[in-house]
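If you're wondering where the values come from, they're calculated on a predicted model, not measured in any experiment. Below, chains carry the letters A, B, ... as their sequence lines are ordered, and counting in each starts from 1. Values below: every heavy atom of this structure, side chains too, minus hydrogens, waters and symmetry copies.
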Amino acid sequence: DAKTTQPTSMDCAEGRAANLPCNHSTISGNEYVYWYRQIHSQGPQYIIHGLKNNETNEMASLIITEDRKSSTLILPHATLRDTAVYYCIVRFPTSGTYKYIFGTGTRLKVLA
Amino acid sequence: SAVISQKPSRDICQRGTSLTIQCQVDSQVTMMFWYRQQPGQSLTLIATANQGSEATYESGFVIDKFPISRPNLTFSTLTVSNMSPEDSSIYLCSSAWGTEAFFGQGTRLTVV
């Protein structure tokens, strides 16, 4: 199972872009990269996912390197409400479904 | 999207007893997943539950300790058996809908 490594914590000034890196050097060709966040012990919330192309939605952008060994989640204009733990996850197929294996997460603190 | 409801939201239990956590999804789903989140830690997958068959447990988790039921396509239960203080954690139910995984708000269990 592909594993992910993330920095333990990061700070970001309010209004600036938050760039959260993730390393997944053992990822396989059919395994997707997902990002979720968890705010103060609530259930994890979906942010974005991708396979090999860069992706953007209303919440964030996901940049995946060409070799797919790492990725970066970008929150373009961080707000105080973006303070949370951000998890980089590899989703891989198994027995007709998928497993979502969580990394250790990055605790992002957005500073006023 | 899918909405997942968990009950109870929290409980304090005596060691040696068992607690059953219920998970209800507002849509029919093939697979449901149970996670444990120990204090300050990431989410760890306990098992995957398919309707009508035995759950598949991850390494380090056994059916005797965490029996799971999956009686239909919208419901599952996880029992934490013969509890000890080390079982104090948040337990989360999850399922996949389309390309996303959705999570319940979790059950915060404290064993005294």
Side-chain angles (χ1 to χ4, degrees), chain A residues 1-9 20 22-24 30-53 55-60 62 84-109, chain B residues 1-6 9-10 21 23-25 29-61 70 73 88-110:
Chain A
D1 302 351
K3 300 292 190 293
T4 63
T5 52
Q6 302 174 249
T8 302
S9 64
L20 291 88
C22 178
N23 181 289
H24 33 78
N30 61 350
E31 295 175 349
Y32 279 72
V33 178
Y34 277 70
W35 283 83
Y36 279 73
R37 72 181 183 184
Q38 189 174 31
I39 298 174
H40 194 54
S41 298
Q42 296 178 18
Q45 174 192 21
Y46 169 81
I47 301 173
I48 200 167
H49 74 280
L51 182 63
K52 53 183 178 181
N53 297 323
E55 302 288 345
T56 295
N57 63 20
E58 65 279 3
M59 288 183 67
L62 175 61
V85 179
Y86 287 77
Y87 292 103
C88 174
I89 297 160
V90 171
R91 186 196 81 166
F92 63 95
T94 178
S95 303
T97 184
Y98 298 97
K99 283 187 185 180
Y100 294 76
I101 302 300
F102 281 69
T104 53
T106 295
R107 188 173 298 274
L108 175 69
K109 188 174 183 180
Chain B
S1 64
V3 176
I4 298 180
S5 303
Q6 275 187 245
S9 58
R10 59 178 62 230
I21 302 167
C23 178
Q24 180 76 50
V25 187
V29 291
T30 304
M31 305 298 284
M32 294 178 75
F33 307 91
W34 288 97
Y35 289 82
R36 180 177 73 182
Q37 186 171 28
Q38 295 176 301
Q41 303 294 313
S42 180
L43 282 73
T44 301
L45 182 63
I46 297 172
T48 302
N50 192 9
Q51 191 266 334
S53 63
E54 292 275 332
T56 301
Y57 289 82
E58 297 297 305
S59 175
F61 298 96
R70 184 78 203 278
L73 291 173
S88 297
S89 293
I90 298 174
Y91 292 86
L92 297 107
C93 168
S94 170
S95 186
W97 182 259
T99 58
E100 292 180 34
F102 293 88
F103 290 82
Q105 291 302 298
T107 296
R108 184 180 294 273
L109 170 63
T110 302

Grab the two heavy atoms, one from B:Q6 and one from B:Q105, that are nearest each other, plus how far apart they are. OE1-N, 4.0 Å
State, to 0.1 Å, how close B:L73 and B:R70 come at their nearest heavy-atom pair, and which atoms those are.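 What the structure gives for the nearest pair is O-NH2, 3.2 Å.
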Show the atom names and distances, to 0.1 Å, of all donor-acceptor pairs under 3.5 Å that link a side chain in residues 33-50 of chain B to residues at least two apart or in another chain.
{"from": "B:W34", "atom 1": "NE1", "to": "B:S76", "atom 2": "OG", "distance (Å)": "3.0"}
{"from": "B:Y35", "atom 1": "OH", "to": "A:Y100", "atom 2": "O", "distance (Å)": "2.8"}
{"from": "B:Q37", "atom 1": "OE1", "to": "A:Q38", "atom 2": "NE2", "distance (Å)": "2.9"}
{"from": "B:Q37", "atom 1": "NE2", "to": "A:Q38", "atom 2": "OE1", "distance (Å)": "2.8"}
{"from": "B:Q37", "atom 1": "NE2", "to": "A:Y87", "atom 2": "OH", "distance (Å)": "3.3"}
{"from": "B:Q37", "atom 1": "NE2", "to": "B:Q41", "atom 2": "O", "distance (Å)": "2.9"}
{"from": "B:S42", "atom 1": "OG", "to": "A:G103", "atom 2": "O", "distance (Å)": "2.5"}

Measuring heavy-atom distances to chain B, does A:R107 have an atom under 4.5 Å in its side chain, in its backbone, in both, or in neither? neither
Answer with side chain, backbone, both or neither: which region of A:Y32 has an atom nearer than 4.5 Å to a non-hydrogen atom of chain B? neither
Report yes or no: do A:Q45 and A:R37 form a side-chain donor-acceptor pair below 3.5 Å? yes
Which atoms of B:T99 approach chain A - backbone, side chain, both or neither, heavy atom under 4.5 Å: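 Both parts, heavy atoms under 4.5 Å.
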